[in-house]
A.B. asks: 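Have a look at this one before I ask anything.
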Amino acid sequence: MAFRFDKLTVKAQESVQQAQHLAQDAGNQQLVPLHLLTALLREEQGIVRPLIQKIGANIRQLDSMLDAELKRLPKVTGAGSDVSLSPAMSKVLEKSQDIAQKMKDAFVSTEHLLLALTQVDDQAKRLLELNGVEENDVLSRAADGPRRAAGHRSES
């Protein structure tokens with residue numbers, strides 16, 4: 001199934017765009033899950049950062065580990081440095097859409113993106129695991145807090 005960007009909530013769209021900017025600014029040719037996780041964590045008004053804090057992860061440590069991993073990604077300089085989706089990033093987006101459908105949500109939220117990051121085998125998943133953030137933790141903590149009503153396009 002093809003991923004539909006029009007099915008992202010406003011916050012999820014902003015996070016994907018921010019991830020793309022991170023990749024472009026760093027000279028990375030591919031948008032990878034590490035970029036998305038970084039964008040989700042840096043969104044001060046979003047639900048991902050507080051959710052990860054509720055799970056008990058050290059945000060500064062996770063952010064530092066993300067920075068170190070991002071610096072290791074291949075860089076390209078010069079004109080025409082377009083950013084494409086890596087296969088792992090495509091899987092994360094498709095998985096997030098799958099999760100939203102299973103949860104009977106009309107739109108893919110940042111919560112769905114985070115859940116997908118905990119499921120797709122990639123460096124972002126490994127960093128989350130190293131910091132004690134796994135799928136079950138996200139599901140249980142997300143259920144504790146206020147969730148936006150299914151079908152709403154914006155998140156609180």
Side-chain angles (χ1 to χ4, degrees), residues 3 5 8-77 81-100 103 105 107-148 153-156:
F3 183 78
F5 283 94
L8 290 168
T9 63
V10 172
K11 286 285 187 193
Q13 286 176 17
E14 290 171 356
S15 294
V16 171
Q17 287 172 344
Q18 184 58 37
Q20 187 173 7
H21 291 300
L22 286 169
Q24 285 173 329
D25 293 348
N28 304 134
Q29 275 189 304
Q30 288 194 319
L31 179 61
V32 298
L34 289 170
H35 293 116
L36 180 60
L37 180 55
T38 302
L40 289 169
L41 271 182
R42 291 185 181 165
E43 175 56 52
E44 294 288 334
Q45 304 301 317
I47 62 171
V48 171
R49 188 179 188 92
L51 184 62
I52 289 176
Q53 286 173 317
K54 250 203 276 187
I55 290 169
N58 181 330
I59 295 290
R60 276 192 224 148
Q61 176 180 304
L62 179 55
D63 203 31
S64 174
M65 292 170 87
L66 279 166
D67 279 343
E69 290 303 318
L70 287 171
K71 286 177 183 167
R72 291 183 185 183
L73 295 175
K75 295 175 186 4
V76 174
T77 56
S81 56
D82 288 335
V83 175
S84 62
L85 289 180
S86 72
M89 186 64 186
S90 292
K91 285 180 188 172
V92 166
L93 292 173
E94 288 168 13
K95 181 61 105 172
S96 66
Q97 188 170 286
D98 229 19
I99 292 166
M103 295 174 97
D105 288 335
F107 294 95
V108 174
S109 71
T110 56
E111 176 186 341
H112 300 126
L113 291 172
L114 178 61
L115 277 166
L117 286 168
T118 66
Q119 294 178 21
V120 174
D121 190 28
D122 184 75
Q123 189 61 23
K125 177 185 178 181
R126 289 187 282 282
L127 285 182
L128 285 168
E129 287 173 348
L130 280 171
N131 285 277
V133 180
E134 296 185 15
E135 179 184 0
N136 290 337
D137 300 315
V138 174
L139 285 170
S140 65
R141 295 297 184 204
D144 293 346
R147 248 188 101 206
R148 79 258 167 285
R153 228 184 132 85
S154 62
E155 299 169 11
S156 49

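Position 1 is the first residue of the sequence; numbering continues from there.
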A.B. asks: Quick one: CG on Leu40 to CD on Glu111, what's the gap to the nearest 0.5 Å?
C.D. replies: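 Taking CG in Leu40 and CD in Glu111, the distance rounds to 11.5 Å.
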A.B. asks: Taking only residues two or more places apart in sequence, or in another chain, which ones meet Gln17 in a side-chain hydrogen bond (donor to acceptor under 3.5 Å, both in side chains)?
C.D. replies: none
A.B. asks: Mind running side chain to side chain contact (heavy atoms under 4.5 Å, CB included) on Arg49 and Glu44 for me, showing each step along the way?
C.D. replies: CA-CA 7 Å; Arg49 188 179 188 92; Glu44 294 288 334; 4.2 Å; yes
A.B. asks: Taking all non-hydrogen atoms of both residues into account, name the closest pair between Pro33 and Leu117 and its distance.
C.D. replies: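 Looks like CB-CD2, 3.6 Å.
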A.B. asks: To the nearest 0.5 angstrom, please state how far the CZ atom of Arg42 sits from the CG atom of Leu37.
C.D. replies: 10.0 Å
A.B. asks: Begin with the C-alpha distance, continue with both residues' side-chain angles, and end with the deciding distance and a verdict on side chain to side chain contact (heavy atoms under 4.5 Å, CB included) for Leu70 and His35.
C.D. replies: CA-CA 7 Å; Leu70 287 171; His35 293 116; 3.6 Å; yes
A.B. asks: Calculate, to the nearest 0.5 Å, the distance between atoms CG and CG belonging to Leu93 and Asp98 respectively.
C.D. replies: 12.0 Å
A.B. asks: Run the side chain to side chain contact (heavy atoms under 4.5 Å, CB included) check on Asp121 and Arg126 step by step: do they pass?
C.D. replies: CA-CA 8 Å; Asp121 190 28; Arg126 289 187 282 282; 3.0 Å; yes
A.B. asks: About how many Å separate CD1 of Ile52 and CG of Asn58, when rounded to the nearest 0.5 Å?
C.D. replies: 11.5 Å
A.B. asks: Which atoms form the tightest heavy-atom contact between Ser109 and Thr9, and what is the distance?
C.D. replies: CA-OG1, 3.7 Å
A.B. asks: Sequence neighbours left out, what passes side chain to side chain contact (heavy atoms under 4.5 Å, CB included) with Leu130? Give chain and number order.
C.D. replies: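 Leu130 satisfies side chain to side chain contact (heavy atoms under 4.5 Å, CB included) with Met65, Leu127 once adjacent residues are dropped.
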A.B. asks: Tell me, please, which residues at least two apart from Asp25 pass salt bridge (charged side-chain N to carboxylate O under 4.0 Å, His left out).
C.D. replies: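 Testing Asp25 for salt bridge (charged side-chain N to carboxylate O under 4.0 Å, His left out), a comparison that skips the adjacent residues, returns none.
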A.B. asks: Is the side chain of Asp82 donor-acceptor paired with the backbone N or O of Gln29 at a distance under 3.5 Å, no angle test?
C.D. replies: no
A.B. asks: Tell me, do Glu43 and Val48 make a side-chain contact under 4.5 Å, heavy atoms counted?
C.D. replies: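 Result no, sub-4.5 Å side-chain heavy-atom pair not found.
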A.B. asks: Mind checking side-chain hydrogen bond (donor to acceptor under 3.5 Å, both in side chains) for Asp63 and listing every partner two or more places apart, or none if nothing turns up?
C.D. replies: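 Partners of Asp63 under the side-chain hydrogen bond (donor to acceptor under 3.5 Å, both in side chains) test: none.
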A.B. asks: Among all residues two or more places apart in sequence or in another chain, which pass the side chain to side chain contact (heavy atoms under 4.5 Å, CB included) test with Ser96?
C.D. replies: Phe3, Val108, His112, Leu113, Ala116
A.B. asks: Taking only residues two or more places apart in sequence, or in another chain, which ones meet Gln30 in a side chain to side chain contact (heavy atoms under 4.5 Å, CB included)?
C.D. replies: Val32, Ser84, Ser86, Pro87
A.B. asks: Going from CG on Asp67 to OG1 on Thr38, what distance comes out if it is rounded to the nearest 0.5 angstrom?
C.D. replies: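 Taking CG in Asp67 and OG1 in Thr38, the distance rounds to 6.5 Å.
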A.B. asks: Can you list the steps and then say if Lys75 with Asn28 is a side chain to side chain contact (heavy atoms under 4.5 Å, CB included)?
C.D. replies: CA-CA 5 Å; Lys75 295 175 186 4; Asn28 304 134; 4.1 Å; yes
A.B. asks: At their closest point, which heavy atom of Leu31 faces which heavy atom of Ala23, and how far apart are they?
C.D. replies: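 Smallest interatomic distance, heavy atoms only, reads CD1-CB, 4.3 Å.
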A.B. asks: Checking Ser15 side chain against Lys11 main chain: does a donor-acceptor pair fall under 3.5 Å?
C.D. replies: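 At least one qualifying donor-acceptor pair exists.
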A.B. asks: Please list, chain by chain and in numerical order, all residues satisfying salt bridge (charged side-chain N to carboxylate O under 4.0 Å, His left out) with Arg72, sequence neighbours excluded.
C.D. replies: Glu69
A.B. asks: Residues two or more places apart in sequence or in another chain: which of them pass side-chain hydrogen bond (donor to acceptor under 3.5 Å, both in side chains) with Asn131?
C.D. replies: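 For Asn131, the residues satisfying side-chain hydrogen bond (donor to acceptor under 3.5 Å, both in side chains) (neighbours in sequence not counted) are Gln61.
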A.B. asks: Ala39: what forms a side chain to side chain contact (heavy atoms under 4.5 Å, CB included) with it, not counting sequence neighbours?
C.D. replies: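 Listed in chain order: Gln18, Ala19, Leu22.
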A.B. asks: If every non-hydrogen atom of Val16 is compared with every non-hydrogen atom of Leu8, which pair is closest and at what distance?
C.D. replies: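 Here Val16 and Leu8 meet closest at CG2-CD1, 4.2 Å.
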A.B. asks: Nearest 0.5 angstrom please: Arg60 CZ to Leu41 CG, how far?
C.D. replies: 13.5 Å
A.B. asks: Would you please name every residue forming a salt bridge (charged side-chain N to carboxylate O under 4.0 Å, His left out) with Glu135, sequence neighbours left out?
C.D. replies: none
A.B. asks: According to salt bridge (charged side-chain N to carboxylate O under 4.0 Å, His left out), who are the partners of Glu134, at least two apart in sequence or on a separate chain?
C.D. replies: none
A.B. asks: For a side-chain contact (heavy atoms from CB on, under 4.5 Å) with Leu128, tell me which candidate from Thr118, Asp122, Val138 qualifies.
C.D. replies: Thr118
